Amino acid sequence: MADKIPKKPVGRPLETNKSNTVRSILFTAILICFGIYVVANMNNTGIQKTEVPISEVIQRANDPEGNIAKITVIGNNLEITLKDKDQPTETSRKDGSGTLYDQGLVNYCDGMEGEELIKCQETYPVIEYKEDVNAWGIVFDIMLTVLPIIAIVIFFSWMMRQANAANNQSMSFGKSRARLYGPDKKKVTFKDVAGNESAKQDLTEIVDFLKNPKKYEKLGAKIPRGVLLAGDPGTGKTLMARAVAGEADVPFFSISGSEFAEMFVGVGASRVRDLFSKAKKNAPSIIFIDEIDAVAHKRDARGGAGREDEQTLNQILVEMDGFDNDSGVIVMAATNRVDMLDKALLRPGRFDRHVNVTLPERKDRLEILKVHFKGKPVEEDVDLEALAKKTAGSSGADLSNIANEAAITAAREGHKAISNKDLTEAFERVAIGPERKSKVLNEKEKKITAYHEAGHAVVGHVLPDSDPVHKVTIIPRGATGGVTWFLPPEDRSYKNIFELKDILARAMGGRVAEKLIFGKDAITTGASSDLKNVAGLAKSMIIEEGMGEETRNLVFPDEATGYYTITTGKPYSEKTAELIDLEIKKLSDEAAKRAEEVLKANKGILDKLAEELLKHETLEEAELEPILKSAKLPTTAKLH
Ligand code: ADP
Ligand code: MG
Ligand code: ZN
């Protein structure tokens with residue numbers, strides 16, 4: 001899911017300034033053009049001239065007594081200079097019929113030189129041809145020269161504006177535009193962050209370190225350097241980071257990864273350098289890089305990061321590696337996409353602390369709503385608990401949005417306080433609006449999801465070689481409707497065939513439970529990722545691990561590693577391919593059958609678990625234990 005598009009920090013006054021500049025440049029340009037036009041026309045009209053017909057000009061030109069010293073032909077006009085300088089200059093216009101030569105104007109002196117030429121010119125006029133340059137031609141010429149310059153000036157001033165708007169400091173391209181939330185700004189503390197207790201607990205340690213660094217240094221404790229906040233958009237990561245700064249009462253330098261994307265080449269890295277040096281000067285302090293995935297996405301992902309991003313990322317790494325243990329600066333970063341991050345960022349000494357910020361559960365949603373309704377006048381009938389109940393899947397940002405919408409609705413309706421009706425209207429606008437429709441489950445979907453997840457949990461719990469169920473939730477997350485977590489009791493490199501078959505069966509448990517409760521017709525799309533997992537695991541069991549019945553101990557290299565038989569183009573024969581498909585199908589059929597046996601034998605427990613899930617949405621190990629403990633393994637599902 002895409003995060004909100006960060007707004008550029010371009011304020012209104014800057015916008016006005018910008019259009020002012022453009023306007024004054026345009027105005028100047030128009031003035032210049034007008035001036036040129038006037039001057040050009042003055043040449044034509046300013047001096048008194050008599051116009052004579054062309055026929056007269058030709059006649060006089062051919063006459064040694066004609067008093068013409070020179071004829072200048074400019075396009076369609078003739079300018080006649082007289083031998084008698086006291087006479088006003090004459091002009092004439094070509095009449096358009098043929099060339100002047102056709103009309104009888106002869107250049108008597110053509111081809112002459114020296115003495116002979118001078119003598120000829122005393123008698124006959126000199127005829128000179130010039131390019132046609134009329135007034136508009138000049139204007140046009142000048143415009144051609146001037147316009148690009150104007151364009152360049154406009155472009156540069158626009159660029160300056162952009163840089164200024166970005167910087168709020170003219171021309172300091174390399175300076176960090178990190179915002180400082182010092183002690184003077186309104187402080188955010190953990191109180192402002194509702195729910196997310198475990199994340200807060202993790203971060204309390206960071207706060208303590210920032211407050212009492214000596215305590216840790218004395219004991220030789222390695223101080224955490226980088227803390228990565230990971231979680232869905234709107235879950236309060238940015239808020240959480242500010243709260244850490246507020247709790248510790250230290251300066252907070254924040255910059256967003258997406259801002260780097262707008263920067264000029266080479267600026268990203270120098271911004272990072274500047275940011276870190278500012279933070280070090282103000283230590284103890286916090287650097288917060290929001291939306292770090294914007295610069296630190298995997299270098300090989302989708303054609304690789306741009307060079308600019310790579311430089312920025314490298315600079316971040318260099319700065320973090322260069323920290324002394326006692327620098328007193330903690331770097332926090334937030335991302336919606338840990339999976340997209342360059343692995344280099346996650347190495348020890350860099351962002352090696354991870355804090356998950358999760359979507360709020362029901363009781364946390366109530367807390368968040370309380371935070372955002374604090375200070376807003378509400379009617380007695382306002383039922384925040386009911387709202388918390390029906391907003392499964394909403395983030396903190398969504399809830400704060402609902403609170404704000406409710407206030408707006410109440411104001412628009414002219415209410416003195418927010419009523420429950422205002423609240424419902426706001427909820428419907430925010431949550432059931434087209435964008436979030438898929439995120440908020442209706443009652444029926446919720447019920448299907450509850451049975452689906454309960455199915456995974458019961459099957460996983462009952463089968464002897466499956467890992468214990470750790471947590472079940474029906475809070476949707478990303479594309480999934482709910483999640484059932486299984487915790488492997490210890491790290492193991494090998495799994496045996498029984499464990500793998502139990503994993504297949506419990507993965508099938510979701511779809512099988514849906515079918516059992518809602519009938520064959522109620523098969524939903526919610527199980528597609530389970531089925532993909534089953535197909536993937538079953539395939540690797542057969543072709544990589546040699547676990548097929550008929551093909552036991554045989555492996556089948558794939559296209560990447562194997563040889564090819566000439567007839568099939570695969571690394572094995574057509575018959576073997578069929579056998580492999582059959583073996584894979586056998587595994588998934590067996591898994592579905594075992595899941596069904598388990599769920600049929602434990603129908604009461606399945607119902608009970610689904611019911612509890614509908615009530616609480618999330619059940620932890622301790623809450624699951626009493627429900628699941630009486631579940632039994634039917635002999636039909638036994639493998640050994
Ligand atoms: P993220 O950075 O994870 O995308 P933000 O920190 O920007 O989310 O959250 C956006 C807004 O949502 C916050 O400013 C706050 O008003 C509200 N919000 C989110 N989570 C919480 C929470 N746990 N408690 C209170 N308000 C929250
Ligand atoms: Mg954020
Ligand atoms: Zn499932």
Side-chain angles (χ1 to χ4, degrees), residues 1-7 186 188-200 203 228-244 254-259 288-294 332-337 355-361 363-374 388 391 394-404 430 448-460 472-474 476-477 479-486 503 505-514 524-534 595:
M1 189 196 329
D3 206 346
K4 295 144 285 177
I5 298 161
K7 290 197 185 69
K186 188 187 162 284
V188 175
T189 64
F190 282 151
K191 271 204 213 73
D192 301 297
V193 190
N196 260 311
E197 291 307 326
S198 73
K200 275 195 254 180
L203 292 170
L228 184 68
L229 300 173
D232 287 336
T235 46
K237 298 180 293 297
T238 308
L239 189 68
M240 195 75 96
R242 291 188 58 190
V244 170
S254 130
I255 192 160
S256 171
S258 59
E259 288 170 43
F288 179 51
I289 306 171
D290 209 351
E291 296 165 33
I292 196 169
D293 39 305
M332 296 181 77
T335 179
N336 311 324
R337 301 291 311 269
V355 174
N356 287 322
V357 185
T358 53
L359 281 173
E361 297 174 8
K363 64 176 186 345
D364 295 337
R365 291 199 298 271
L366 182 60
E367 292 310 310
I368 293 174
L369 284 171
K370 280 182 185 162
V371 165
H372 288 282
F373 274 95
K374 210 169 81 186
T391 43
S394 299
S395 68
D398 295 331
L399 298 172
S400 117
N401 208 357
I402 292 174
N404 190 46
V430 174
I448 294 176
T449 307
Y451 269 99
H452 179 104
E453 298 305 329
H456 287 310
V458 171
V459 174
V472 188
T473 178
I474 56 166
R477 176 194 266 236
T480 62
V483 188
T484 302
W485 278 278
F486 295 92
I503 290 174
R506 82 183 186 210
M508 280 294 193
R511 153 80 38 112
V512 170
E514 286 182 45
T524 66
T525 53
S528 70
S529 76
D530 293 336
L531 298 181
K532 258 180 232 146
N533 290 342
V534 168

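Side chains are part of it too, since the values below use all heavy atoms of this structure and drop only hydrogens, waters and symmetry mates. For ligands, and for the atoms within them, numbers begin at 1 and follow the listed sequence. In this chain, numbering begins with 1 at the start of the sequence shown. Just so we're clear, the structure is a prediction, and the values are computed from it rather than from any experiment.
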ask   = Which atoms from ligand 1 have a heavy atom of Ser400 less than 4.0 Å away?
value = 16 (O), 17 (C)
request  = Quick one: report the N, O or S atom of His452 that is nearest to the Zn ion (ligand 3).
outcome  = NE2
Asn336 heavy atom under 4.0 Å from ligand 1 = no
message = Within the 4.0 Å heavy-atom shell around Ile368, which atoms of ligand 1 are there?
response = 22 (C), 23 (N), 24 (N), 25 (C)
key: Side-chain donor/acceptor of Lys200 to backbone N/O of Val193, under 3.5 Å   = yes
message = Could you check whether any side-chain heavy atom of Met240 comes within less than 4.5 Å of a side-chain heavy atom of Asn196, counting everything from C-beta outward?
response = yes
ask   = Hey, are Asn404 and His372 close enough side-chain-wise for a donor-acceptor pair under 3.5 Å?
value = no
query = Have Thr235 and Asp232 got a donor and an acceptor in their side chains that come within less than 3.5 Å?
reply = no
Short N or O distance, Thr238 and ligand 1, threshold 3.5 Å exclusive = yes
request  = State whether the side chain of Glu453 and the backbone N or O of Thr484 hold a donor-acceptor pair below 3.5 Å, judged by distance alone.
outcome  = yes
query = Of all the N, O or S atoms in Asp530, which one sits nearest to the Zn ion (ligand 3)?
reply = OD2
task = Give a yes or no on whether Ser256 keeps an N, O or S atom under 2.8 Å from the Mg ion (ligand 2).
result = no
query = Any nitrogen or oxygen of Asn196, main chain or side chain, under 3.5 Å from a nitrogen or oxygen of ligand 1?
reply = no
message = Counting only heavy atoms, tell me which of Ala194, Pro233, Gly234 gets closest to atom 23 (N) of ligand 1.
response = Ala194
request  = Answer with yes or no whether His372 contacts ligand 1, where contact means a heavy atom under 4.0 Å from a ligand atom.
outcome  = yes
key: Gly509 versus Val459, closest heavy-atom pair with distance   = CA-CG2, 4.0 Å
message = At less than 4.0 angstrom from any non-hydrogen atom of Asp192, what atoms of ligand 1 do you find?
response = 24 (N), 25 (C)
inquiry  = As a check for students: among Ala397, Ala230, Gly195, identify the option with a heavy atom nearest to atom 10 (C) of ligand 1.
reply    = Ala397
ask   = So do Met508 and Val534 actually touch side chain to side chain, heavy atoms under 4.5 Å?
value = yes
ask   = Which atoms of ligand 1 have any heavy atom of Val193 under 4.0 Å away?
value = 23 (N), 24 (N)
ask   = Any salt bridge between Glu514 and Arg511, counting N to O under 4.0 Å?
value = no
Min side-chain heavy-atom separation Lys237-Asp290 under 4.5 Å = no
